[in-house]
Protein chains: 2
Amino acid sequence: MVNSRFSVAIHILSLIATSLDKNQLTSDYIAGSVNTNPVVVRRMIGVLKKAGLVTSNTGIAGYNLLTEPKDLSLLDIYKAIDGPKQLFAIHEEPNPACSVGKKIQTTLEDVYENVWQAMEEQLKAQTLQDVLDQLR
Amino acid sequence: MVNSRFSVAIHILSLIATSLDKNQLTSDYIAGSVNTNPVVVRRMIGVLKKAGLVTSNTGIAGYNLLTEPKDLSLLDIYKAIDGPKQLFAIHEEPNPACSVGKKIQTTLEDVYENVWQAMEEQLKAQTLQDVLDQLR
DNA sequence: TATACCTGTAACTATAATGATTACAACAGG
DNA sequence: CCTGTTGTAATCATTATAGTTACAGGTATA
């Protein structure tokens, strides 16, 4: 299974999107909601900042979204955190002397590429706003 | 990223499907093609046997498919090895006192369910025969 | 200025997942 | 009986993951 960063990123962005009292939304508070360490939160937000989804200022509590939730697809978030394009691992160095071993890697890459395309469409179809609506 | 078992299973099944000289197809030979340990291969084939995809006999080299490659979808294989239905991990015990934390898990489960459905269709659309054709 | 509180980040640690390996029981066939 | 095979339990090494410590540097306010 893929790690939980995508889940954590969506959780954090949901909190930022719905926060009323900005200066109460510290990394400490977020960590309390996600149930993790504040550093993990700040690390993740650092990634989201680099990707241009969020702003923040050193020393000042609070974060802001740079995109409306309705315009931010889950695919945007996925790409922002650099989630894996290849879902399934392919075993290393199969035997090139064997006809199957020689071509299995590129074949599987093609197969998984098709799978990934289907996933990508689904992620593109859902926005952060959809998530917020479900959270109500 | 998800582990490489799915890839290894497809590799093994491809070898079984294309093997001409049955009694040469030992777990040792397969391991050489996949580039892993024979025990890993026998373990995987044990799983495939339990799922009814393959037969073998203790002490006798060789394996046989119980389904025609054209009738064996990649989804069948995926289910046979009990691949994860949930692709992305969801963080544990978010704070129930927080409105986001309280509902984030079920919300994400729904989101990921949609993604999984899309994937499942893709896997159903491709068969072991398609893989064999690409391996040529 | 002094204090309290915050973000940003590097470095390190603990835990869990993964696959490799060892070991051996049980069976087949010459 | 001997060689080679499958089946499986148990253990080990490596890596990925997330948690944690530590601290530099900024902000705000008394």
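Residue numbers start from 1 in every chain, and the chains themselves are labelled A, B, ... in the order their sequence lines are given, proteins ahead of strands. No hydrogens, no waters, no symmetry mates; every other heavy atom, side chains included, goes into these values. None of the values given here were measured: they were computed from a predicted structure.
Asn23(B) places its CG atom 11 Å from the P atom of dG29(C), with the value rounded to the nearest Å. The distance from atom CD1 of Ile60(B) to atom P of dG4(D) is 17 Å, rounded to the nearest whole Å. The CD-C1' distance, from Gln86(B) to dA17(C), rounds to 17 Å in whole Å. One interatomic measurement links the two molecules: CD1 of Ile12(A) to P of dA18(D), which rounds to 12 Å at whole-angstrom precision. Rounded to whole Å, atom P of dT18(C) lies 12 Å from atom CG of Asp82(B). The distance between atom CG of Asn35(B) and atom P of dG19(C), rounded to the nearest whole Å, is 13 Å. Nucleotide dT14(D) holds its P atom 17 Å from the CD atom of Glu92(A), rounded to whole Å. Regarding Met44(A), its CE atom lies at a distance of 16 Å from the P atom of dT7(C), rounded to whole Å.
With hydrogens and angles disregarded, a donor-acceptor distance shorter than 3.5 Å links the side chain of Asp76(B) to the backbone of Ser73(B). Here the side chain of Ser7(B) pairs a donor or acceptor atom with the backbone of Ala89(A) at under 3.5 angstrom. The backbone N or O of Ser56(A) lies less than 3.5 Å from no partner atom in the side chain of Asn64(A), so there is not a single donor-acceptor pair. Between the Tyr63(A) side chain and the Asn57(A) main chain, no donor and acceptor come within less than 3.5 Å of each other. Using modelled atom types, no side-chain atom of Asp110(B) and backbone atom of Thr107(B) make a donor-acceptor pair closer than 3.5 Å.
The side chain of Ser56(A) places no N or O atom within less than 4.0 Å of a non-bridging phosphate oxygen (OP1 or OP2) of dT7(C). Between Asn57(B) and the phosphate of dT6(D), there is no side-chain N or O to OP1/OP2 separation shorter than 4.0 Å. At least one side-chain nitrogen or oxygen of Arg5(A) sits closer than 4.0 Å to the OP1 or OP2 atom of dA18(D). Between Thr58(B) and dT5(D) there is no side-chain polar atom (N or O) within less than 4.0 angstrom of OP1 or OP2.
Tyr29(A) comes within 4.0 angstrom of nothing in the nucleic acid, heavy atoms only. Using a 4.0 Å heavy-atom cutoff across all strands shown, Lys49(B) reaches sugar-phosphate atoms only and no base atom.
Each of Pro38(B) and Ser27(A) has a nearest nucleotide on DNA chain C; the 5'-most of these lies closest to Ser27(A). Between Ala61(A) and Met1(A), it is Ala61(A) whose nearest contact on DNA chain C lies nearer the 5' terminus. Where Gly59(B) and Ala89(B) meet DNA chain D, the nucleotide closest to each residue was compared, and Gly59(B) sits on the side nearer the 5' end.
The side chain of Ser4(A) lies closest to dA18(D), out of dA18(D), dA20(C), dT21(D). Candidate nucleotides dG8(C), dA28(D), dA11(C) were compared by shortest atom distance to the side chain of Arg43(A), and dA11(C) ranks first. Nearest nucleotide to the Arg42(B) side chain, out of dT9(C), dT6(D), dT7(C): dT6(D). Here the nucleotide nearest the side chain of Asn3(B), chosen from dT21(D), dT22(C), dT18(C), is dT18(C).
Residue His91(A) comes nearest to His11(B) through the heavy atom pair NE2-ND1, 2.8 Å, listed as atom of the first residue, atom of the second, then distance.
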